[in-house]
Amino acid sequence: MDPIITRFPPSPTGYLHVGGARTALFNWLYARNKGGKFILRIEDTDLERSTQESVDAILQSLEWLEIDWDEGPFFQSKRFDIYRDYIRKLVENGHAYYCTCTPDEIEAMRQKAMSMGGKPKYDGRCREKNMKETPNAVVRLKAPLTGATVLPDMVKGNIVFQNTELDDFIIMRSDGTPTYNLAVAIDDITMGVNTILRGDDHVNNTPKQMLIYKALNQELPRYGHVPMVLGSDRTRLSKRHGAMSVTEYREMGYLPDAVINYLVRLGWSFGDQEFFTRKELIQKFNIENIGRSAGVFDVNKLLSLNGDHIQAADPGALVPHLLPFLEKQGVYPAPKEDLPAIIRTLNQRSKTLIEMAEGALFYFKDEITYDEKAVQKFFSAEFVEILRPLTDRIEALGDFSEKNLENPFKEMMEMTGVKFGKIAQPVRVALTGGTVSPGIFEMIAALGKEKTVKRLRQAEALMLKGK
Ligand code: GLU
Ligand code: ZN
């Protein structure tokens, strides 16, 4: 079989929304699974509504999701000559014709069709006139008058369109620009696209595109129309349901791997598996398992999956994802900071990168902000008798590993008979300012000797001063 060639053709009239991202993903995963090609095409023929800003936003979102493309981005607005050539070809081979009917005439035809109980349609009156190109003429495709066009959909099964429902639709407007379906079909043909996965809001365009293929004697691609994503109230997902743009999820501290995992599962399944790495998705993705019923977007599921991905990720790999969130908090870690070690103390307890950045703040601060109540409760002059020798022992450690850090605490417990919790809690307040933190040993190891000792000595001074 020929190599699989898929495409993602967004219209740049806004940000990349989660539904569009899912379509991109399905096509990308399928191409990657099959060792094929994934093409990016910008459908900007609507010059009024298309903006460079949207193009940039879409490209950035795809890059963030790490959905890479093998060809493109191609811009439809730069391909008008190609469409013109094909339109001319269709007229020459008798599959399309010029029509000079006025808007009033068209309106009258539609009224007439409706008064006879039919759909509003063009009646084909220019079909056999064999007119030459004239200014302001449109070009229409000769649609078959009888029979049916059958779309063998990979997701939905056969979908049958009665040809009597189709009229001779316009493929070139009177200003010489191609219509949407013409441009899409010509692009897919000339780019060699053989597999098209897209939202089922496009089902009704498909027979028109198929007729263009037929008129040009081209082999049809394989189509799969995927049910639209729904909101919690089972209406089509929209802004009412919350954050819709991929960028918003990046800003809320989601990992791209979690977002793609979640989006793929909204319409595709593999047994009852919920968690997939990117690699696994590429290995396992197939068209057979795309569901026939619509997925419901549930931001809480996405959040919990994000937590799972944060937990499962290599802490080192999380560093570049976390840094922007630290920077937003005004923290620019020095190169000597052991960020993977810091992340390791937080990755079991953070659902988002924002949470993780907030949890990490105390590692970097020069000035600890103490929680008043905690200080009242845990800082006492008597504790200095434990804290000072403990700090000395910690300072003397050569090996500052989590394991070895247990020893100074054990020694102090043995020497004084004070229980671990009673020692650890004031230490925790001294190091973090509060009573909630990662595990004490892993936290101290990640904080490093210099900061640990400095903070413990500072707390000691406070204790002596009487808070
Ligand atoms: N440009 C269309 C859209 O953004 C996609 C067309 C297609 O997949 O054929 O909805
Ligand atoms: Zn006409």
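Atoms within a ligand are numbered from 1 in the order they appear, just like the ligands themselves.
- For Glu248 and Arg250, the salt-bridge test fails: no basic side-chain N is under 4.0 Å from an acidic carboxylate O.
- The nearest heavy-atom contact from the protein to atom 1 (N) of ligand 1 is Glu43 OE1, 2.5 Å.
- Judged purely by atom type and a 3.5 angstrom limit, Asp257 has no side-chain atom pairing as donor or acceptor with the backbone of His309.
- Interface of His202 with ligand 1, defined as ligand atoms under 4.0 Å from a residue heavy atom, comprises 2 (C), 3 (C), 5 (C), 6 (C), 10 (O).
- The side-chain hydrogen bond (donor to acceptor under 3.5 Å, both in side chains) with His225 is formed by just one residue from the set Asp201, Asp153, Asp200; it is Asp153.
- Listed by number with element, the atoms of ligand 1 under 4.0 angstrom from any heavy atom of Arg7 are 7 (C), 8 (O), 9 (O).
- The closest approach between Phe8 and ligand 1 stays at or above 4.0 Å for every heavy atom of the residue.
- A donor-acceptor contact under 3.5 angstrom links the side chains of Asp187 and Tyr83, judged on distance only.
- A salt bridge does not link Asp167 to Lys119: none of the charged side-chain nitrogens sits closer than 4.0 Å to a carboxylate oxygen.
- Pro178 is not listed as a side-chain neighbour of Tyr86, based on a closest heavy-atom distance of 4.5 Å or more.
- For Asn217, the CG atom is loosely surrounded, since the number of other residues' heavy atoms within 6.0 Å does not exceed 12.
- For ligand 1, the polar-atom distance check against Pro10 finds no nitrogen or oxygen pair separated by under 3.5 Å.
- Within the 4.5 Å cutoff, the side chain of Ile196 has no heavy atoms near those of the Arg222 side chain.
- By the criterion of a separation under 2.8 Å, the protein N/O/S atoms near the Zn ion (ligand 2) amount to Cys99 SG, Cys101 SG, Tyr122 OH, Cys126 SG.
- For Gln209, the heavy-atom gap to ligand 1 stays at 4.0 angstrom or more.
- Of all atoms in ligand 1, numbered sequentially from 1 with element shown, those under 4.0 Å from a heavy atom of Arg198 are 7 (C), 8 (O), 9 (O).
- Taking atom 6 (C) of ligand 1 as the reference point, the nearest protein heavy-atom neighbour is Tyr180 OH, 2.8 Å.
- Using modelled atom types, one side-chain atom of Glu105 and one backbone atom of Thr102 make a donor-acceptor pair closer than 3.5 Å.
- Ring pair Tyr262/Phe297 is perpendicular by interplanar angle, where above 60° counts as perpendicular and below 30° as parallel.
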